[in-house]
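Okay, so here's the structure we're looking at.
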Amino acid sequence: MSDFEFKVRRDGAIARVDLNRPDEGNAMTRGMMVQLADTLREIGSDSSVNVVALEARGAFFCKGRDGKGESRAGMKPYEIRQKMMGAVLGSYEAIASVPVPVVALVHADALGFGAAMAVACDITLAADKACFAFPEIEHDIPPTMAMCAALGKVNSKALSWLIYSAEKISAERAAVVGLASKVLPQASFAADADAFLKTLASRPRLVLETIKLYKSKAEHLTPDMASEYAGTLLALVR
């Protein structure tokens, strides 16, 4: 799969990244995850981009990780952490490192890594027919990396239930617990999502950058420091 490429196209100030494996449910190998991270970092460095959209085609947004052909034979624990686990975690880190909003367009089911990738984005738009699930425990895998992407976004009790039960939940339920930001009708999902993206992309990049920067940093500050940081950032921008 070395010749695989994500489909990247520009729509004004929107950079659209298509996962581009509809026939495989948009499942991603670790090599693809590394490529996705590199693609997002490159897009994020382009000052003419105001919004990044992660989208897909087919029956799934992303059905999870494609592990076919993987082998840990001869690898030391450190190599496993860096080359295998690092590919997954690096994709989440790349989403966070893009200075402007990254929006997941979940038109269909997002499972396992697909659900984690969706929740890792700044905004997650879900079609009302889409479902979300973390089925890893059914394969005797503790999904700590998926949990890492969801921490601070999904209600703690709800996350525990999703991880331990592997239950597939509706888009409406996903929005309630924090996996999704907003649910849109399946019939008009593409048009409604595009309208939102265009409105968001019309905002000044500096404003969009500042919002993402503040949100990512202030969550880890004490209330008084978060207040001070809010005032300082706004003073600098204005």
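For Met117 against Ile95, the heavy-atom pair with the smallest separation is O-CD1, 4.0 Å. Of all non-hydrogen atoms in Ala126 and Ala171, the two that sit nearest each other are CB-CB, 4.0 Å. Between Ala87 and Met33 the shortest heavy-atom distance is O-CB, 3.5 Å. When all heavy atoms of Ala15 and Ile43 are compared, the pair lying nearest together is CB-CG2, 3.6 Å. When every heavy atom of Ala218 is checked against every heavy atom of Ala226, the shortest pair comes out as O-CB, 4.2 Å. Taking all atoms of both residues into account, the shortest heavy-atom contact from Arg65 to Phe113 is N-CB, 4.1 Å.
Transitive grouping of hydrophobic side chains (ILVMFWY, heavy atoms separated by less than 4.5 Å) brings Leu179 and Leu151 into a common cluster. Side-chain heavy atoms closer than 4.5 Å link hydrophobic residues (I, L, V, M, F, W, Y) into clusters, and following such links, even through other members, never connects Leu208 to Leu233. Under a hydrophobic clustering in which Ile, Leu, Val, Met, Phe, Trp and Tyr are joined whenever their side-chain heavy atoms come within less than 4.5 Å, directly or via other members, Met32 and Met145 fall into the same cluster. Placement of Leu159 and Leu111 in two distinct hydrophobic clusters is found when ILVMFWY residues are connected by side-chain heavy-atom separations under 4.5 Å, directly or transitively. Side-chain heavy atoms closer than 4.5 Å link hydrophobic residues (I, L, V, M, F, W, Y) into clusters, and following such links, possibly through other members, connects Leu40 to Val119.
The line from CG of Asp128 to CG of Leu184 is 8.5 Å long, rounded to the nearest 0.5 Å. Residue Asp109 holds its CG atom at 5.0 Å from SG of Cys131, rounded to the nearest 0.5 Å. The distance from atom CG of Leu105 to atom CZ of Phe189, rounded to the nearest 0.5 Å, is 5.0 Å. Going from atom CD of Glu93 over to atom SG of Cys148 covers 8.0 Å, rounded to the nearest 0.5 Å. Going from atom NZ of Lys153 over to atom CG of Asn155 covers 15.0 Å, rounded to the nearest 0.5 Å. Interatomic distance, Ser160 OG to Met147 CE, rounded to the nearest 0.5 Å: 6.0 Å.
Side-chain contact between Glu136 and Ile163 is absent, with no heavy atoms from C-beta onward closer than 4.5 Å. Contact check for Leu19 versus Glu55: no side-chain heavy atoms found under the 4.5 Å cut-off. A 4.5 Å side-chain heavy-atom check between Ser170 and Phe132 finds every atom pair outside the cut-off. When side chains are defined from C-beta on, Lys182 does not count as touching Thr124, because their heavy atoms never get closer than 4.5 Å. Between Lys198 and Asp11 the shortest side-chain heavy-atom distance falls below 4.5 Å. Within the 4.5 Å cutoff, no side-chain heavy atoms of Ile14 are placed close to those of Asn50. Within the 4.5 Å cutoff, no side-chain heavy atoms of Tyr164 are placed close to those of Phe134. Between Val177 and Trp161 there is no side-chain heavy-atom pair separated by less than 4.5 Å.
Although no hydrogens or angles enter the test, the distance criterion places no donor-acceptor pair under 3.5 Å between the side chain of Asp192 and the main chain of Pro185.
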Do Val106 and Leu125 pass the side-chain contact (heavy atoms from CB on, under 4.5 Å) test, and can you show the C-alpha distance, the side-chain angles, and the key distance before you say yes or no? CA-CA 6 Å; Val106 184; Leu125 302 181; over 6 Å; no
Does the side-chain contact (heavy atoms from CB on, under 4.5 Å) test come out yes or no for Val17 and Leu36, once each step is laid out? CA-CA 9 Å; Val17 182; Leu36 177 63; 4.1 Å; yes
Run the numbers on Asp18 and Arg9 for side-chain contact (heavy atoms from CB on, under 4.5 Å), then give the verdict. CA-CA 8 Å; Asp18 186 331; Arg9 65 183 177 91; over 6 Å; no
For a side chain to side chain donor-acceptor pair (under 3.5 Å) check, start with the C-alpha distance between Arg205 and Ser48, then their side-chain angles and the critical distance, and finish with the verdict. CA-CA 8 Å; Arg205 177 171 166 121; Ser48 67; over 6 Å; no
Take Asn26 and Arg57, measure what side chain to side chain donor-acceptor pair (under 3.5 Å) needs, and give me the verdict at the end. CA-CA 8 Å; Asn26 296 301; Arg57 292 164 288 119; over 6 Å; no
Take Phe4 and Phe6 through the test ring pair (Phe, Tyr, Trp, His ring centres under 6.0 Å) and record every step on the way to the result. CA-CA 7 Å; Phe4 173 83; Phe6 294 101; 4.9 Å; yes
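Within the hydrophobic cluster formed by Ile, Leu, Val, Met, Phe, Trp and Tyr side chains joined at under 4.5 Å, directly or through other members, Leu206 is accompanied by Val237.
None of Arg41, Gln35, Glu42 except one satisfies the side-chain contact (heavy atoms from CB on, under 4.5 Å) rule with Asp38; the exception is Arg41. Evaluated for a side-chain contact (heavy atoms from CB on, under 4.5 Å) with Arg16, the options Leu54, Val52, Leu197 yield exactly one hit, Leu197.
Taking a 6.0 Å sphere around NZ of Lys212, one finds it holds more than 12 heavy atoms contributed by other residues, nucleotides or ligands. Within 6.0 Å of atom CD in Glu167, more than 12 heavy atoms from other residues, nucleotides or ligands are found, so the atom counts as buried in its surroundings.
A salt bridge links Arg21 with Asp66; the closest basic N to acidic carboxylate O contact falls under 4.0 Å.
Ring pair His107/Phe61 is perpendicular by interplanar angle, where above 60° counts as perpendicular and below 30° as parallel.
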